2 protein chains.
Amino acid sequence: MQQIELNERKTKILNAIIRNYLETGEPVGSRTISKYTDLNLSSATIRNEMADLEELGYIVQPHTSAGRIPSDKGYRFYVDHLMEDKNREVNEMKQFVIEHTEKMEQILQQVAKVLATNTNYATMVSSPSYHRNKVKFIQLSLVDEDQLLAVIVTQSNLVKNKIINLSETIDNETLLKLNFLLNSNLNGLALEEINLATIAKLKEQAGMHGDIVSEVLDTVAETMGADEDIRIYTSGTTNLFKYPELSDSAEKASELISTFEEKRQLASLVTENLLNEESTGIQVYIGNESPIQTMKDCSVVTATYELGEGVRGTIGIVGPKRMDYEKVMDNLKVLKNSLDGILSKTRD
Amino acid sequence: MQQIELNERKTKILNAIIRNYLETGEPVGSRTISKYTDLNLSSATIRNEMADLEELGYIVQPHTSAGRIPSDKGYRFYVDHLMEDKNREVNEMKQFVIEHTEKMEQILQQVAKVLATNTNYATMVSSPSYHRNKVKFIQLSLVDEDQLLAVIVTQSNLVKNKIINLSETIDNETLLKLNFLLNSNLNGLALEEINLATIAKLKEQAGMHGDIVSEVLDTVAETMGADEDIRIYTSGTTNLFKYPELSDSAEKASELISTFEEKRQLASLVTENLLNEESTGIQVYIGNESPIQTMKDCSVVTATYELGEGVRGTIGIVGPKRMDYEKVMDNLKVLKNSLDGILSKTRD
DNA sequence: TGTTAGCACTCATTTAAATGGAGTGCTAAC
DNA sequence: GTTAGCACTCCATTTAAATGAGTGCTAACA
């Protein structure tokens with residue numbers, strides 16, 4: 001559809017404008033374009049075309065007699081049609097990092113960091129939400145006369161535990177029974193499948209120990225419900241200082257960095273993102289397209305990774321609108337690939 | 001000793017200067033002091049005294065013909081001798097927060113946040129290091145044909161788990177034996193007490209399953225060694241933007257905030273702090289007294305909390321040198337008290 | 001001997017004006 | 001359809017002047 005609006009020459013000029021602006025961050029004028037492209041057109045001609053492009057909404061003038069900068073629509077066109085999809089080689093360093101870090105948390109933090117160092121933007125990585133994950137194993141053990149330890153393992157090897165304080169003592173035999181009861185009833189079930197009927201049945205069978213069952217179920221829900229418990233790892237937020245358009249006023253910078261510190265808002269963005277099941281997994285939010293108000297001057301690029309079936313999280317990069325989209329996407333792809341299926345990998 | 005250097009009048013003037021500067025952040029001149037104190041001295045007299053105070057190193061002039069601001073030495077004198085030690089009432093809000101948050105992590109993050117909101121400075125809270133903590137309970141269970149789950153509980157109810165991949169299968173009886181072996185040998189021991197002899201003995205008794213014992217021991221070490229694994233929760237870093245002397249140049253601000261993001265450096269500060277066993281638990285680092293270079297224009301106030309015996313962490317506040325030391329210390333004390341012994345509290 | 005008024009001086013900050021230059025829109029000619 | 005040329009706009013930077021807070025010093029006073 002946009003093809004109708006823009007002929008080839010206009011497209012070329014728009015492309016040149018955006019690329020130049022991505023590099024310099026300064027409004028670009030007609031003369032620059034005429035000089036540094038192989039179009040062989042005079043600045044005057046370029047000016048005419050630029051006037052058209054402005055009227056069509058692809059570029060704007062920050063003020064009279066300044067050069068042009070891309071509008072959100074311009075960036076969008078660039079991302080959708082102009083950008084080259086280089087599929088560069090995997091950066092071994094990243095592989096290394098991932099293969100040599102042990103714990104999930106550390107991996108994610110590391111990913112955020114690598115990404116930030118690589119791109120010079122701010123990054124965020126959300127902990128996976130364990131959607132549709134299933135219970136594999138439950139165990140209650142007595143660690144003290146009055147304390148019970150509940151351990152829950154999911155099929156993707158996520159482990160959670162909780163200490164339950166007992167009001168009355170409990171003997172070993174009962175404990176065995178409870179363990180059996182829980183395992184036989186819950187194993188193999190996803191959170192959504194644990195319905196009221198199951199719960200009622202369980203409680204009934206547990207008899208006087210219904211309280212304990214309740215607590216265990218809470219922990220199960222917590223382990224797998226997850227949504228509320230999404231963690232966000234961020235890195236490189238101070239990179240944003242490098243882009244004057246984001247940090248010229250202390251207030252602006254402060255607001256933006258606060259958003260990263262708060263994380264709550266980021267979490268909402270991430271959740272929204274996870275719901276978009278389709279797509280190659282890479283999403284681009286330009287300026288106001290982003291659901292987070294404070295990021296109206298930024299672009300956000302996110303990718304969804306999937307550690308195991310149903311265990312998904314998001315990696316995201318936040319930078320100025322004139323970010324190096326190609327590089328950013330490449331990086332995201334690489335890291336996404338490294339993360340995909342990592343849970344199954346650790347098995348061997 | 002300083003009492004010899006400073007007579008009462010000088011002390012009063014110094015006090016007035018510092019208090020005024022804490023409020024305004026502007027260099028304070030002789031006229032201001034003469035006007036807004038009950039000393040009833042003319043500005044000229046004050047000027048003479050100020051000249052003396054400057055010579056003694058308590059205050060400095062940022063440039064000729066500017067007012068005076070406190071030097072590090074001045075702040076130090078203030079903190080050590082001048083400051084009032086108001087012991088204000090406990091803020092119920094904080095109590096509420098702590099009593100209603102469940103998980104340790106969340107508590108700590110919450111503490112950081114409350115503190116930041118309350119003081120308008122940047123805050124950090126370190127996760128407790130489990131020094132001298134003892135093993136209470138160990139359990140191995142088979143969660144899959146080829147996967148073993150090791151759960152370790154310490155006396156302060158810290159739980160850690162690890163999935164161990166098996167090379168050969170293992171039958172239930174052996175598992176029971178291993179469990180018994182581990183518990184009978186390790187329970188009640190602190191990390192330092194698990195020496196080579198114990199380990200050798202354990203491995204010997206485990207026979208062909210020495211590998212598993214090794215892995216379990218690793219996890220134990222990890223659970224209690226802790227030092228490497230100190231987590232730092234931060235909040236309110238963007239508060240630092242409120243103080244021009246810290247954020248006038250984007251570079252400065254960026255550096256400082258980076259330090260908070262990195263956390264590695266904070267961790268080192270925290271560790272150093274924990275080693276200072278003595279003291280009421282409140283430490284003040286003014287300017288260059290801080291071991292972190294990027295904080296040379298800041299003051300750092302820290303308190304040590306102790307969740308249970310040997311389970312200690314640090315709460316810290318970072319702000320401009322002209323921070324409201326009284327308020328900061330009060331807040332720290334309150335939160336420290338709330339945290340102290342919290343692990344034992346959850347028992348009832 | 002300690003205190004104070006007064007004055008000349010310093011220097012960061014604010015305000016205003018001057019300058020330079022990048023870039024545009026438009027027109028007329030090719 | 002393309003281009004050269006020119007008048008015009010507006011931002012950014014420089015330059016200069018005005019302001020004002022604050023000091024140090026001296027001389028006079030109690």
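Predicted model only: the values in this text are computed from it and were never measured. Numbered from 1 within each chain, the chains take letters A, B, ... in sequence-line order.
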A:E289 with A:K73: basic N within carboxylate O range, under 4.0 Å: no
Across all strands shown, which nucleotide pairs with C:dG21 by Watson-Crick or G-U wobble geometry, both distances under 3.5 Å? D:dC10
Report the distance from atom CD of B:E49 to atom P of D:dG22, rounded to the nearest whole Å. 19 Å
Using a strict cut-off of less than 4.0 Å between a Lys/Arg side-chain nitrogen and an Asp/Glu carboxylate oxygen, indicate whether A:K252 and A:E245 qualify as a salt bridge. no
Can you say whether a donor on the side chain of B:T64 sits under 3.5 Å from an acceptor on the base of C:dT10, or the other way round? no
Any side-chain N or O of A:S43 under 4.0 Å from OP1/OP2 of C:dG23? no
Take atom NZ in A:K10; do more than 12 heavy atoms of anything else shown fall under 6.0 Å from it? yes
Side chain of B:A44 (C-beta onward), nearest among C:dA5, C:dT24, D:dT2: C:dA5
DNA chain C nearest-nucleotide lookup for B:H63 and B:S42: closer to the 5′ end is B:S42
Can you see if the side chain of B:R9 gets near the phosphate of C:dT3 - specifically, an N or O under 4.0 Å from OP1 or OP2? yes
Starting at CD1 of B:I46 and ending at C1' of D:dA21, how long is that distance when rounded to a whole Å? 17 Å
Quick one: look up who D:dT15 pairs with, Watson-Crick or G-U, both distances under 3.5 Å, and put none if it's unpaired. C:dA16
Spacing of B:R31 atom CZ relative to D:dG20 atom P, expressed in whole Å: 14 Å
Between P of D:dT2 and NZ of A:K10, the distance in whole Å: 10 Å
Can you check whether any acceptor in the base of C:dG6 is under 3.5 Å from a donor in the side chain of B:R47, or vice versa? yes
Identify which one of B:T238, B:L240, B:N239, B:T237 satisfies the side-chain contact (heavy atoms from CB on, under 4.5 Å) criterion when paired with A:S254. B:T238
A:S65 side chain, from C-beta outward: closest of C:dT4, C:dG23, C:dG25: C:dG23
Between A:N20 (CG) and C:dA22 (C1'), how many Å, whole number? 14 Å
Would you call the rings of A:Y325 and A:Y75 parallel, tilted or perpendicular if under 30° counts as parallel and over 60° as perpendicular? tilted
Length of the CD-P vector between A:E54 and C:dG25, whole Å: 7 Å
Expressed as a whole number of angstroms, how long is the span from A:K35:NZ to C:dG23:P? 10 Å
Pick the closest DNA chain C nucleotide for A:T32 and for A:N48 by heavy atoms, then say which residue is nearer the 5' end. A:T32
Scanning all shown strands, the Watson-Crick or wobble mate of C:dA28 with both distances under 3.5 Å is D:dT3
A:Y36 OH to C:dA22 P, in whole Å, measures 12 Å
Checking contacts here: which listed nucleotide (C:dA5, D:dG24, C:dT24) is nearest the side-chain heavy atoms of B:Q61? D:dG24
